Amino acid sequence: MKKTFWLLDVNHEVKDHRPEVWIWGIDEEGKRILIIDRNFLAYFYLLIKEKENPQAVMERIQTRKEDFPFLVKLKTVEKRFFGRPVKAIKVSCQDPDLIGRYSNVLRKVEGVEKCLEDDIRYSMRYLIDNDVTPCDWHEVKVEETENELGVQVDGVYLAKSFPQGVRRTEAPQLRILGFSMICFSPKGTPKPEKNPVAIISVATNAGDEVQFVAEDSDDKPVLESFIKYVRRFDPDILVGYGTNRQDWPYLLVRSRKLGVDLYVDRAKTEPHRSVFGHVSVMGRVNIDFFDFAEDFPEVKVKTLENVADFLGVMKLEKRKIIEDVDFLTYWQSPEKRPLLLKFSKENTQCVMGIADAMLDFAMQLSNLVGLPLDYVGTAAVGFRVEWFLIRRAYKIGELIPERVERPYFPYVGAIVLEPKPGVHEDIAVLDFKAMYPNIMITQNVSPDTYVSPTEPEPPGGVNVAPEVNHRFRAEPPGFYKKVLSHLIDVRDEITPKLEKLSPKSAEYRVLDARQKAVKVITNASYGYTGWIGARWYIKPVAEATTAWGRQTILNTIELSKKSGLEVVYGDTDSIFVKDDPEKIKKISEEVGRKFGLEIKHDKIYVRVLFTEAKKRYCGLLPDGRLDIVGLEVVRGDWAEVAKKVQERVLEIILKEQKPEKAVKFVRQYISDLRQKTVPYRNLIIWKTLTKPIEKYAVRAPHVEAARTLMKEGWDLSMGDKIGYVIVAGPGRLYEKAKPYVLASYDEVDLEYYVSNQVVPAAARILAMFGVTKEGLLPSKTPKTLLEFMED
DNA sequence: GCCTGATTTCTACCA
DNA sequence: ACTGGTAGAAATCAGGCG
């Protein structure tokens, strides 16, 4: 019989050296199924030295056959490696778990250059070779079998063929369960060895909401009923926020301590840590939306409530946020405990809302790059690109390079023009559409087309990058050219379809998620080639791409100037010119003709203000919105007071063009600030710990604040954001930084906020109009009657 | 020992 | 663990001064 299924999760098991691929899916009738495939052999390659005879190498291995009892097949194959034809031996092995050991021995055999693809996990190997993609439909011949294992599915099948892709767009009806929990300790970070799980709030996409609450400190029933609930609802997807790093590890330790089996999966195993720091729940997809928070650079402090607020899931102003430090107080007080329960329930509602907003994107990304839905979030951008490339490489017979450690050497990147400081009117922004990807396409820049200086010029000729003189085969099309053209085509096909659809329709959401996923991968592919951790790292590829980029932008500026278009600014792939539609049209056509690259007439600023600094400006759009770039307003490491003031100043300057009014506003704001009318939270400064605390060479305010928190028992590590305020007192700034949760308004050094936050942020803009920092301070003398009347 | 300017460290941004 | 280019604050260093 045949089964059509949508791929949810995959894992592998080895029993008596015999592997099984376990494919968890949903069939057309909505039945949850497990398909077991015992027919796929693990393998890796031995790359043969150029002058060696593969046959001879094979014989050498044969003589030592008894060392490799599970080696089942040796076969010579013709492949490509970085575009060059190579000879290799495909070594097939009965037990995938022995591949590491075998490859370590075989790589030393005479005539072997190196081992390749021995580091591809068996289950991924299965997906790649059979072109099985997660979050997609497939068809497979099967035979139903007994559910001997007692897994929680509607049917278990043995695969009788390898799966084949089936074209179907819509995903099946998935069961989604979201949860969040509340734990606390009298001091610092709660510890699962000591502190109970006070509350677990659960919600499902069937509309249920449940809370499991501890009786005093007895949380065994909490865990038990949570587990029971999960098993009864039987979700396909488990969603949470921060679950990979916090909730799951906590629940694991806690359940072990209480003697509870944390069987929330479909096969009676416990969640376990897997690749990329992800927690795997067998048969289900465990997604931590914290891993997707990076996709929202606008959200500076990536808490659940901030992400939910940003996505419009649950507005912050409608909530009462309870800080971790206050959990215990709320729990202990009979009047306040309901508020904590409400807070926890809302957290889970936020999780569900974020899942609703993000799941389509996560599924599309998983489908595009081919990584299972549960790892794709935890994989960093570089690995997402890499897995996408691995899949594509397989299709064209390219061997996957090994990961190697290499030293870091920087190379020259893009050009940034010196802005013309001041306010300019009617400025058009012209951008190159996907500049780096398109340069790679037009010049055939790719890891497999690079011709090193020692190599002779290939017959088809080469493209030579300016300045750096790296050469790339002009013909035939390289790996990158194929891959990137495909990605750009896919996106270009989606764009017109989106225009015809209602943004609320299911189809729109899926297509929009798809084009976003494609964009992410396209944009990261240049950077990937210059990343020393990349399998396909070739520095000249990255270096040549930026060199062509510089040449392109410089030539475009030349052309503009010749046509009488004044260029006031430019960065990497954009130029800012006086808006002159006819001349712009001419330039665009000329550039398209000459460089084969497309210029987008991106936007027009009614007015734009440049500071003397690069990468920091503010433009007024025709609809009245401000486009604020690089300035304090858009930075996460300035207090809200400074950002609010600067934003208002920009508004007054660009919309009303009244510097004096802006100065008055700043002075008034400062007096208000000194009167303590500004909310405490607007004084918090957030900074990230970018390395382990002991690695810091200097004493910085946020590091000192972090140390204070750690002394109070809080666990902090790399990547955590530290919120602190500056308190009054003598000494260096770092001595005056105090975690905001431990400080009170009365301690705050408001003069610091005046002189080091508000004034510099406002002066950055107003200095252009001859205003000094002193001029921004409220005058000590009382207002004259005239000044009073003017306000 | 104190002041000042130069240099280093650190973070977060832009494309 | 995608890249390089950039600004700006604060800490720290180095040298001059008396």
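First the proteins, then the strands, lettered A, B, ... as listed; each starts at 1. Small disclaimer: the values here were computed from a predicted structure and weren't measured.
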Which of the following nucleotides, [options], is nearest to the side chain of [X]?
X: A:Ala380; options: C:dA1, C:dG4, C:dT12; answer: C:dA1
X: A:Thr572; options: B:dT11, B:dA15, C:dT3; answer: B:dA15
X: A:Lys721; options: C:dA10, B:dA15, B:dA12; answer: B:dA12
X: A:Tyr734; options: C:dT6, C:dT12, B:dT11; answer: C:dT12
X: A:Ala697; options: C:dG8, B:dC10, C:dA10; answer: B:dC10
X: A:Arg764; options: B:dT11, C:dG8, C:dG4; answer: C:dG8
X: A:Lys691; options: B:dC10, B:dC14, C:dA7; answer: B:dC10
X: A:Trp531; options: C:dG8, C:dA1, B:dC14; answer: C:dA1
X: A:Val698; options: C:dG4, B:dT9, C:dG8; answer: B:dT9
X: A:Leu733; options: C:dT3, C:dA11, C:dA9; answer: C:dA11

Counting only side-chain nitrogens and oxygens, does [X] get under 4.0 Å of the OP1 or OP2 atom of [N]?
X: A:Arg699; N: B:dT9; result: no
X: A:Asn523; N: C:dT3; result: no
X: A:Tyr408; N: C:dG4; result: yes
X: A:Tyr617; N: B:dA15; result: yes
X: A:His702; N: B:dC10; result: no
X: A:Lys615; N: C:dA7; result: no
X: A:Thr688; N: B:dA12; result: yes
X: A:Arg732; N: C:dA9; result: no
X: A:Arg403; N: C:dA1; result: no
X: A:Lys300; N: B:dC13; result: yes

### Message
Do the side chains of A:Glu751 and A:Arg674 get close enough for a salt bridge, i.e. N-O under 4.0 angstrom?
### Response
yes
Whole Å only: how far is the [atom1] atom of [X] from the [atom2] atom of [N]?
X: A:Asp573; N: C:dT3; atom1: CG; atom2: P; value: 18 Å
X: A:Trp638; N: B:dA12; atom1: CH2; atom2: P; value: 13 Å
X: A:Arg550; N: B:dA15; atom1: CZ; atom2: P; value: 18 Å
X: A:Leu689; N: B:dC10; atom1: CG; atom2: C1'; value: 12 Å
X: A:Lys603; N: B:dA15; atom1: NZ; atom2: P; value: 8 Å
X: A:Lys687; N: C:dA9; atom1: NZ; atom2: C1'; value: 7 Å
X: A:Glu632; N: C:dT6; atom1: CD; atom2: C1'; value: 14 Å
X: A:Arg635; N: B:dC14; atom1: CZ; atom2: P; value: 9 Å

#### Entry: A:Phe479-A:Trp536 aromatic ring centre distance below 6.0 Å
yes
### Message
Classify A:Val703 by what it touches in the nucleic acid, base, sugar-phosphate, or nothing, heavy-atom distance under 4.0 Å.
### Response
nothing
### Task
Give the C-alpha distance, both sets of side-chain angles, the deciding distance and a yes or no for ring-ring contact (aromatic ring centres under 6.0 Å, His included) between A:Tyr724 and A:Tyr740.
CA-CA 5 Å; A:Tyr724 63 92; A:Tyr740 81 100; 9.8 Å; no
#### Entry: Residue that, paired with A:Phe595, satisfies side chain to side chain contact (heavy atoms under 4.5 Å, CB included) out of A:Asn438, A:Ile439, A:Asn555, A:Thr442
A:Asn555
### Message
Ring of A:Tyr752, cation from A:Lys736 - is the NZ or CZ under 6.0 Å from the centre and inside 45° of the axis?
### Response
no
### Query
A:Arg245 pairs by salt bridge (charged side-chain N to carboxylate O under 4.0 Å, His left out) with which of A:Asp720, A:Asp288, A:Asp715?
A:Asp720
